[in-house]
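Chain identifiers are assigned alphabetically (A, B, ...) following the order of the sequence lines, protein sequences preceding nucleic acid strands; residue numbering begins at 1 within each chain. Since this is a predicted model, take the numbers as computed values, not measurements.
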Protein chains: 2
Amino acid sequence: MVRYSSEHKQQTRDSIVREAAVELRRSGPDKVSVALIMKRAGLTHGGFYAHFDSKEALLQTALQWMFTDRQNYFAGLLQRYGQQQGLSRYIDAYLSDMHRNHPESGCPLPALGADVSRLPQALQQAYQDGVASILQTFSQALPEFFQTQREQVARSAFAELSGAILIARSIHCPQEAGQWLRSSRESLKARLQLPLDNPEGQDHVSATE
Amino acid sequence: MVRYSSEHKQQTRDSIVREAAVELRRSGPDKVSVALIMKRAGLTHGGFYAHFDSKEALLQTALQWMFTDRQNYFAGLLQRYGQQQGLSRYIDAYLSDMHRNHPESGCPLPALGADVSRLPQALQQAYQDGVASILQTFSQALPEFFQTQREQVARSAFAELSGAILIARSIHCPQEAGQWLRSSRESLKARLQLPLDNPEGQDHVSATE
DNA sequence: ATGTTTATATGATGGGCATCATATAAAGGT
DNA sequence: ACCTTTATATGATGCCCATCATATAAACAT
């Protein structure tokens, strides 16, 4: 009942990591179970320990993977559309209904932020490295205008981004949630000196979709 | 091994609710256990169902209680210091190290926001009512200046408040966390037209402490 | 003082979980 | 064709949990 070729194990491992990253954001660290992740990857729970030393080891890899994925997505936007347009599109996608409805492929901060401080040290570290990397990319993308205050502005703006999605996700009614997203979108565009609307083109939530 | 007078049951029930509200914010909805809450209230797990129909019923009451507590706290500040000073103090307390270090007595949004969408309908409703009530108080406290845009400004500002605490809590290093808090404090004071510093006086995190 | 009521305690029960021990079957060399 | 290796499956084990059944002992009425 098993078929595999020579490098299937690596592929299997990768798919376990991806499913873990999805399930982690969808269900939270306390509800994510090894058995469920394995099932999502098309396997049973028993083989898990042939791939990872522990659940914690898997989650650490999954965290790193999801931050890298987001980083690639953001960097891709900046490269394709330039700093100003790229940043503007990032904000639009971040505060979109799509992102609100799909935490499983979205930014880790609103999805996992509240749980991080209760996680084992190793996972906290992986998370913080990811946050630092996002902050750096974000502040570098800010208009020249802000000069030495770039980091400060980036922190403030990113706080609003993640808070707006956090709240929008906690509100059941789509219209009301949309008001929160729109309020922050307009506020951010204004204070970051960005144009309110973008040229045509689809915005994606993640580099993997 | 039990002592109680005539209305001790109500007192016991209240203390169960308070401990639940604390433990809910401290450990999250998935990790909070009936047995632990009862122990914190000085009881054992068995008597629980004499007070509540289910764990869910307790959590609903606890959610309502914590929002009411926060509401009282906020309204108290506004009444004692006036709208402008009260709002300014609220922001300072919200973005304080104290609030960062004590989610268990702080605002429910950064502590529970990520979990709400996975909770049973009844709990989501209780949560949303609380959010609506905070938003209303916040927008009414905003300077006249903003006129018809008060709600929009309030949403944007509250998103930044909760996002900043969310992120600051997820960062282990106190100095780095402090930078996130300071960045948002300054940004918010500026865009809400509030003075940067307050007259002397302690800021509290919650009405119950 | 004795018996009834009621608040809390002790001790199941059944389910989910992480982890591990062992079994099976595919790949690849011989 | 056979044997070894290796990727995955099956089936424990022991722990924690929500809920419930039953026991105990305080409070109160008589």
Can you list the steps and then say if B/Leu58 with B/Val34 is a side chain to side chain contact (heavy atoms under 4.5 Å, CB included)? CA-CA 9 Å; B/Leu58 165 62; B/Val34 169; 5.8 Å; no
Listing for DNA chain D: consecutive Watson-Crick or G-U pair runs of at least 3, distance cutoff 3.5 Å, ranges ordered by first number, gives C:1-30 with D:1-30
Give a yes or no answer on whether the side chain of B/Arg185 reaches the backbone of B/Leu95 with a donor-acceptor pair at less than 3.5 Å. yes
Once you round it to whole Å, what is the distance between C1' of D/dT6 and CZ of A/Arg13? 17 Å
Restricting to pairs with a member in residues 13-57 of chain B, which pass ring pair (Phe, Tyr, Trp, His ring centres under 6.0 Å), not counting sequence neighbours? B/Phe48-B/Phe52
Could you state the atom-to-atom distance from CD of A/Gln10 to P of D/dA7 in whole Å? 11 Å
Between B/Phe158 and B/Tyr94, does the ring centre distance come in under 6.0 Å? yes
Would you mind telling me which of D/dA9, C/dT8, C/dA18 lies closest to the side-chain atoms of B/His51? C/dT8
For the pair made of CG in B/Leu58 and P in D/dA18, what is the distance, rounded to whole Å? 10 Å
Separation of atom CE in B/Met38 from atom P in D/dT19, rounded to whole Å: 13 Å
Base, sugar-phosphate, or nothing for B/His45, non-hydrogen atoms under 4.0 angstrom? base
Has B/Ser139 got a side-chain atom pairing as donor or acceptor with B/Gln136's backbone, closer than 3.5 angstrom? yes
Could you work out which one of D/dC17, C/dA18, D/dT19 sits closest to the side chain of B/Ser54? D/dT19
Of A/Lys31 and A/Gly47, whose closest DNA chain C nucleotide lies nearer the 5' terminus? A/Lys31
For the pair B/Phe138 and B/Tyr90, name the ring-plane relationship: parallel under 30°, tilted 30 to 60°, perpendicular over 60°. perpendicular
Whole angstrom is fine here: how far is it from CZ in A/Phe52 over to P in D/dT8? 12 Å
Between A/Leu43 (CG) and D/dT8 (P), how many Å, whole number? 6 Å
Rounded to whole Å, how long is the line connecting atom CZ of A/Phe48 with atom P of D/dT8? 13 Å
Which pairs, with at least one residue in residues 116-133 of chain B and sequence neighbours excluded, count as a side chain to side chain donor-acceptor pair (under 3.5 Å)? B/Gln71-B/Ser133, B/Asp115-B/Arg118, B/Gln125-B/Asp129
Please work out if B/Ser33 contacts a base, only the sugar-phosphate, or nothing of the nucleic acid, heavy-atom cut-off 4.0 Å. sugar-phosphate
Selection from D/dT8, C/dT19, C/dT10 that lies nearest to any side-chain heavy atom of A/Lys55: C/dT19
Check the distance between D/dA9's P and A/Lys39's NZ and give it to me in whole angstrom. 13 Å
